Amino acid sequence: MNATEEDSDRRLVVMARQIADFFRSYPEERASRAVADHINQFWTRRMRDEFLAIPGLRDGALDPLLTKAVASIRPGRADSSRDKSGA
Amino acid sequence: MSRIEASHLITEIDYGTPIRMSEEQVSLTIDGVAVSVPMGASVMAAAMMAGTKIPKLCATDSLEPFGSCRLCLVEIEGRKGTPASCTTPAEQGMVVRTQTDRLANLRKGVMELYISDHPLDCLTCAANGDCELQDMAGAVGLRDVRYGFDGENHFADAKDASNPYFTYDPAKCIVCNRCVRACEEVQGTFALTIIGRGFESRVAAGATDFLSSDCVSCGACVQACPTATLVENSIIARGQPDHSKVTTCAYCGVGCSFKAELQGDRVVRMVPYKDGAANEGHSCVKGRFAWGYATHKDRMTKPMIRKKITDPWREASWDEAIAHAASEFRRIQATYGRESVGAITSSRCTNEEVFVIQKLVRAAFGNNNVDTCARVCHSPTGYGLKTTFGTSAGTQDFKSVDKADVIVVIGANPTDGHPVFASRMKRRLRQGAKLIVIDPRRIDLVKSPHVEAAHHLQLSPGANVALLNALAHVIVTEGLVNESFVRARCDMAEFESWARFVALDRNSPEASERHTGVPAADVRAAARLYATGGNGAIYYGLGVTEHSQGSTTVMAIANLAMATGAIGREGVGVNPLRGQNNVQGSCDMGSFPHEFSGYRHVSDDATRDVFERMWGKKLDDEPGLRIPNMLDEAVAGRFMGLYVQGEDIAQSDPNTQHVTAGLAAMECVVIQDLFLNETAKYAHVFLPGASFLEKDGTFTNAERRINRVRQVMAPLGGKAEWQATVELSRALGYPMRYAHPSEIMDEIAALTPSFAGVSYDRIDAMGSVQWPCNEAAPEGTPLMHIDRFVRGKGQFMITEYVPTDERTGPRFPLILTTGRILSQYNVGAQTRRTANIAWHDEDVLEIHPFDAENRGVRTGDLVSLASRAGDVSLRAEVTDRVQPGVVYTTFHHAATGANVVTTDNSDWATNCPEYKVTAVEVRRTNHFSKWQEQNAEEDVTLRRIDRSELQVAK
Ligand code: SF4
Ligand code: SF4
Ligand code: SF4
Ligand code: FES
């Protein structure tokens, strides 16, 4: 992993944590759904994919609420059923 | 051709005294004509309504009647003497005569007195052709002056030309007091007085002159003056205009209407338009006077290209520049993928211009990488109000403040940022409404002539949420919730969990004192006042949004309004004060990477389907990149081409060095702007922009009001911006066909339910229209959420206080917060190129005497301002406007580079940067920072233009 990638991972983690911090006051089920919804709505495919590959995310080491949200975050590349061939 | 399009000099009717709004009518007879007028109207206004002009000098309908000139005398049956018609209310059954021999003689006598000490240089006077004294002399048939002209006069009194935009010539003053009253009643500044008595009386601005007085150069006195005593310098220099067009100021989100008064295609002056619904005839120094940038010598009017940013610019034809830009974007997409290019729209441009850019991105680039500079100001407003109320906009019109009883101003500085609205607000405050100011800094509103805040909650920067939760805590725990409103209008389950949350001890004013620094008793008193003082209206600005908890703060504000039932009627509401002229519009137009016009998510199949059919193109259903992500991706080598419309992200966006690193990494940056701005240093293609005087279009102000911008001169670069965008799109292989911006608006209306009823014809007919405007609201919507919220039930949101990551410590012990001042605008690209620099020629750092003394800093010293992100040097001003521990500066001057210091912390929901909290240290220095020195050098090296192989633009 080069320095820019590390940097960009760090930014994504900061952003995700901030989102989690807002929804943390809600019951866990709702909070994890809201975090995932937010990320699905505002993050690009690549940001989501990069995020989902971050070490420590899936095992709760990073933030248990984010770990719980993972299941509902839409992977970026996998679901491009539509024609994405572009202009 | 509609009334206001017509090419003549537009003059509004002057009724002489203010028009009263009364349901009740009274009927009277004036010169034998029966007339029926609203109760409270003066006899003078009633006569005007019947088409009879009564001679007058001291009266004008923007001011309360004064009754000093005695020219407007009338006879009223059954009354003795000759009462002044301006101060006499019309009454039921009155029989009034305005023209009799007795009246004619009296009026002549009055005029003789005025003229006897007035210079008779009408032929060479600046007001020749626009002078009420001249008109009145004509109207009363003045033929000679019995007293002669040899008496005392003021001809030798010195002129005051200190103000760069207007001159005061005491020789011509008739002491009608209109200027003094305009400054008090219209502007609310109280800068003028009449000094001396009788013949000696004269108008005075402070002790010395206008420039050094409290005058804010709004121009209200100049407009009110019936003679050439106070007159615009542009009129002195060029003479009277012969035609005019109504258009909209391109500076702030108030969106004032102006008459652009012209000789040929040359603007002679801008005069606020009385029928403009946002400003009703008032203005500020920017819109009224600071329009000279449009023809400034720095304007770039030729397209230019270069291979590398270190190459000099080469002028090119439009065709060549556009073809080059298109081929670069295509090459980049072929090399790096479809998502490697994008665009940034500008909140300074028209709705139509913004709309075609986001269309170009979505349809021609084939991705959703479009963002807007609103990202860095009001994106949290959009998110927060949509979540809680269901729509991304303020709830009221400006007029609503006339009915407010308690006005809460949070993180906004209306007298500087939104001056014309501030004047309206101050008028209401003078009538007795109470004011609560929540701001780290003592803004002018806290204490100014005849206005004083009941509470100034001077909190630490970054503690907004803690403070708003504390206010909510008081409202909930002291039983001040408007239960019936909440029950009827809001989601009860959500309300209850919110109420339980704010009632927690940790949210009490006492517990949050350690975050906010505001005494608990003050918080409690303010909460009680807001909840019980009558109509409570909240106005907020960038001091709310530009924080890591910006969106949370907006929701906390919405919670307060719902809990107290302060929504859905006049006098209340949640009102974002928008920074730039078209922030609201650029957001409405689908400038965000995740949504189409009208705030509909790109993943919504039904919406996308409508766009795909209209545009004949498959559209991406995934959100695109936001500005900060674009820059990150650029550094990572994946985002290589950017089209920037009228924005200067290298100056306006935080952490300048991060921004410029991103820009420098790109292979093709296309800038469309009036000037070679800071961002242009990193550009490869420059397309000349068009100022607001050079194009047709619409701006949408902070009250959702769509105002027309009308072209008064040909674009200096040969094209309006929308035309250049359309041509670029064609060159990219996606033709758009519009003959006129009105056709773009028709497309917006066809695609956007809240705009369905909007068209240029509708706007021309109504003057302006507030969205939503559709079948359900054909005349538009001044007030929102009247019977129900747009989202159905109002949604309370839990707003936990999360301190920002930006902490002070031993290395950076102070907090820097940023703002703006009246005479300058945003990055200053326009205002710095006007005489407004008379008021502000550099950014200074405000520092509290305590912190200054600890550092041996005195006013005027050069100090270094350093944060984790970078450092700059600027002059210090020691003042207790800021509290100890807090320093403050503006970001109007590129050379200061205030954003070198701000960090890339941002709002959790929208990535709106946290401009308002940066941990810094300040120390004395004797040199400018490295960045500043390098920047000064790049100012030269990166802006070179090679004119050796000049090409003629086609
Ligand atoms: S320009 Fe405005 S602030 Fe200045 S004296 Fe005139 S009315 Fe007052
Ligand atoms: S300056 Fe003009 S408005 Fe003011 S008192 Fe003199 S004539 Fe009247
Ligand atoms: S208040 Fe705003 S819109 Fe009005 S004149 Fe001033 S800058 Fe222009
Ligand atoms: S206009 Fe009525 S007294 Fe001057």
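Values in this document were obtained by computation on a predicted structure and should not be read as measured data. Every chain is numbered from 1 and lettered A, B, ... according to where its sequence line falls, protein lines coming before strand lines.
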### Task
Would you give the length of the straight line joining atom CD1 of B/Ile798 to atom CZ of A/Phe23, rounded to the nearest 0.5 angstrom?
11.0 Å
### Query
Under the side-chain hydrogen bond (donor to acceptor under 3.5 Å, both in side chains) test, which residues partner B/His658, sequence neighbours left out?
B/Asp632
### Task
Specify which of B/Asn367, B/Asn629, B/Val602 makes the most heavy-atom pairs with chain A at under 4.5 Å.
B/Asn629
### Task
Report the distance from atom OG1 of A/Thr44 to atom CG of B/Asn369, rounding to the nearest 0.5 Å.
8.0 Å
#### Entry: Interface residues of residues 28-35 of chain A facing chain B - non-hydrogen atoms under 4.5 Å apart
A/Arg30
### Task
Let me know if B/Glu633 has heavy atoms under 4.5 Å from chain A in its side chain, its backbone, both or neither.
side chain
### Atom pair OH/CE of A/Tyr26 and B/Met797 - distance to nearest 0.5 Å
3.5 Å
### Query
Any donor and acceptor pair, going by atom type alone, linking the side chain of A/Gln18 with main-chain N or O of B/Ser906 inside 3.5 Å?
yes
### Task
Please state whether the rings of B/His601 and A/Phe42 are parallel, tilted or perpendicular, taking 30° and 60° as the class boundaries.
perpendicular
#### Entry: B/Tyr383, part contacting chain A, at a heavy-atom distance under 4.5 Å
side chain
#### Entry: Proximity breakdown for B/Ser548 and chain A, heavy-atom pairs closer than 4.5 Å
both
### Summary
The interface call for A/Arg11 against chain B, heavy-atom contacts under 4.5 Å, is side chain
### Query
Of the non-hydrogen atoms in B/Pro623 and A/Gln41, which two are nearest, and what is the gap between them?
CG-O, 3.4 Å
### Task
Considering only NZ, NE, NH1 and NH2 on the basic side and carboxylate oxygens on the acidic side, decide whether B/Glu622 and A/Arg48 come within less than 4.0 Å.
yes
### Task
Determine, for A/Arg45 against B/Asp620, whether the closest basic-nitrogen to carboxylate-oxygen distance falls under 4.0 angstrom.
yes
### Task
Mind listing the closest non-hydrogen atom pair of A/Asp21 and B/Val802 along with its distance?
OD2-CG1, 4.0 Å
